Visitor: 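Take this structure first; my questions come after.
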Amino acid sequence: MKVLIHDSAEAAVAAIANRIVEKVIAKPTCVLGLATGGTVEPVYDAMVQKYEQQKVSYSRIRTFNLDEYVGLSPDHPMSYHHFMEKHLFGRTDIKSENTSIPFGNAVNPNEEARRYEAAIKQCGGIDCQLLGIGENGHIGFNEPTSSLSSTVRIKTLAPETVRANSRYFKNIAEVPRLSITMGIGTILCAREIVLIAIGDNKSKAVLEMIEGPLSARCPASALQLHPHAEVYLDEVAASQLTLRDYYEAVHPNGKVES
Ligand code: F6R
């Protein structure tokens, strides 16, 4: 795992967005795995900016989002379909037929989960997966104690995730309790993974993810098993790491070779 510590949130955001854009330029037909949440909003802003500056085109990429709330239709304002349209898809030349997000309103959510896992495999797998991390160490909606080899399935949100995500809803009672999410095994199949964590509220999860132990207690610690995972941090999110001198010696200012 490459631990890339940046001196500000802005620098970490710019670095991870540049990394993704570099990958699209190198392989215009690449398959990106995408995330939602507050942390990735500025990453998408930066990706949109590169498109507006005509530095990159997303017209040939294929995308798969990590997750969706069960029970929300794509046009629901709190759905992840809506989030992606607002923050990325609707602002670039990404073709909507090349984007996939699980359907939270599917009649049979378990069948939808199987369909989604198969669709990822059918298109040859994910080249680069973007991730955020929950305060409890979740990735996607894989909450603590999720199987480390899980595939796309229905997961119940942890109470702390319901609380954290209630900031987007009118009240906590409106937050769906179930999600369809890529599994940890699905995520680990991506050929490359880039994760971003910003701020003090993520520092404990960041410590557990990077310095272990490998445990279903912290789902993100599964990234220790991945041969090509990069973690983009601001100084605050990195503040609890005990081997920080080492990470900074290997990657001064969060620099990583292309
Ligand atoms: C959403 C997702 C989640 C978020 C995580 C962090 O698609 O995958 O795992 O990345 O909950 O969310 P923020 O960035 O809002 O703190």
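Below, each value reflects all heavy atoms present in this structure, side chains not excepted, and no hydrogens, waters or symmetry copies. Quantities reported herein were computed from a predicted structural model and do not represent experimental measurements. First listed ligand is number 1; within each ligand, the first listed atom is number 1.
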Visitor: Starting from atom 5 (C) of ligand 1, which protein heavy atom do you reach first, and at what distance in Å?
Guide: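 The closest heavy atom on the protein side is H138 NE2, 3.4 Å.
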Visitor: Which of the listed options, P219, G199, G140, holds the heavy atom that is closest to atom 9 (O) of ligand 1?
Guide: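 The nearest heavy atom belongs to G140.
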Visitor: Assigning hydrophobic clusters by single linkage (Ile, Leu, Val, Met, Phe, Trp, Tyr; side-chain heavy-atom cutoff under 4.5 Å), is I61 placed with V40?
Guide: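 In one cluster with I61: V40, yes.
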Visitor: Using a 4.0 Å heavy-atom threshold (strictly under), name the region of K202 that reaches ligand 1: side chain, backbone, both or neither.
Guide: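 Contact part for K202 vs ligand 1: side chain (C-beta onward).
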Visitor: Treating Ile, Leu, Val, Met, Phe, Trp and Tyr as nodes and any side-chain heavy-atom pair under 4.5 angstrom as an edge, say whether L131 and V21 lie in one connected cluster.
Guide: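 Different clusters.
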Visitor: If only side-chain N and O atoms count, and only distance matters, is there a donor-acceptor pair under 3.5 Å linking Y58 with Y51?
Guide: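 No, because no side-chain N or O of Y51 sits under 3.5 Å from a partner of the opposite role on Y58.
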Visitor: Return yes when R167 approaches ligand 1 closer than 4.0 angstrom through a heavy atom, no otherwise.
Guide: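 So R167 counts as touching ligand 1.
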Visitor: Return yes or no for this condition: an N or O of G38 is under 3.5 Å from an N or O of ligand 1.
Guide: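 In this structure, G38 places an N or O atom under 3.5 Å from an N or O of ligand 1.
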Visitor: Quick check: L66 and ligand 1, any N/O pair under 3.5 Å apart?
Guide: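 Looking only at distances, the answer is no, because the N/O contact criterion of under 3.5 Å is not met.
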Visitor: Measure E68 to ligand 1 on non-hydrogen atoms and call it side chain, backbone, both or neither using the 4.0 Å cut-off.
Guide: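 Answer for E68: neither.
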Visitor: Locate the shortest heavy-atom distance separating G38 from R167; write the atom from each residue and the value.
Guide: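 That would be N-NH2, 4.0 Å.
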Visitor: Closest non-hydrogen protein atom to atom 2 (C) of ligand 1, residue and atom name please, with distance?
Guide: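 The closest heavy atom on the protein side is D67 OD2, 3.5 Å.
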Visitor: Starting from atom 14 (O) of ligand 1, what is the nearest protein heavy atom, named by residue and atom, and what distance separates them?
Guide: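 The answer is T39 OG1, 2.5 Å.
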Visitor: Using a 4.5 Å cut-off on heavy atoms from C-beta on, say whether the side chain of C128 contacts that of V194.
Guide: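 In short, these two side chains touch, coming nearer than 4.5 Å.
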Visitor: What is the nearest protein non-hydrogen atom to atom 6 (C) of ligand 1, stated with its residue, atom name and distance?
Guide: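 So the nearest neighbour among protein heavy atoms is I133 O, 3.4 Å.
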Visitor: Which residue holds the protein heavy atom closest to atom 10 (O) of ligand 1, what is that atom called, and what is the gap in Å?
Guide: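 Atom 10 (O) of ligand 1 sits closest to the protein heavy atom G132 CA, 3.3 Å.
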Visitor: Can you check whether N165 has an N/O within less than 3.5 Å of an N/O in ligand 1?
Guide: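 By distance alone, the answer is no.
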Visitor: So which bit of T161 gets within less than 4.0 Å of ligand 1, heavy atoms only: side chain, backbone, both or neither?
Guide: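 Near ligand 1, T161 shows nothing, with every heavy atom at 4.0 Å or more.
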Visitor: Using heavy-atom distances, let me know which of V40, T36, L131 sits nearest atom 4 (C) of ligand 1.
Guide: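 Closest candidate by heavy-atom distance is T36.
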Visitor: Where does the angle between the aromatic ring planes of Y116 and F64 fall among parallel (under 30°), tilted (30 to 60°) and perpendicular (over 60°)?
Guide: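 Aromatic pair Y116/F64 classed perpendicular.
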Visitor: Students often mix this up, so state it plainly: with edges at 30° and 60°, are the rings of F141 and H138 parallel, tilted or perpendicular?
Guide: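 The rings of F141 and H138 stand perpendicular, inter-plane angle above 60°.
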Visitor: Could you tell me if the side chain of I180 sits less than 4.5 Å from the side chain of F103, heavy atoms only?
Guide: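 Contact flag for F103/I180 side chains = no.
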Visitor: Answer whether the closest heavy-atom distance between the side chains of M47 and Y44 falls below 4.5 Å.
Guide: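 SC-SC contact between M47 and Y44 confirmed.
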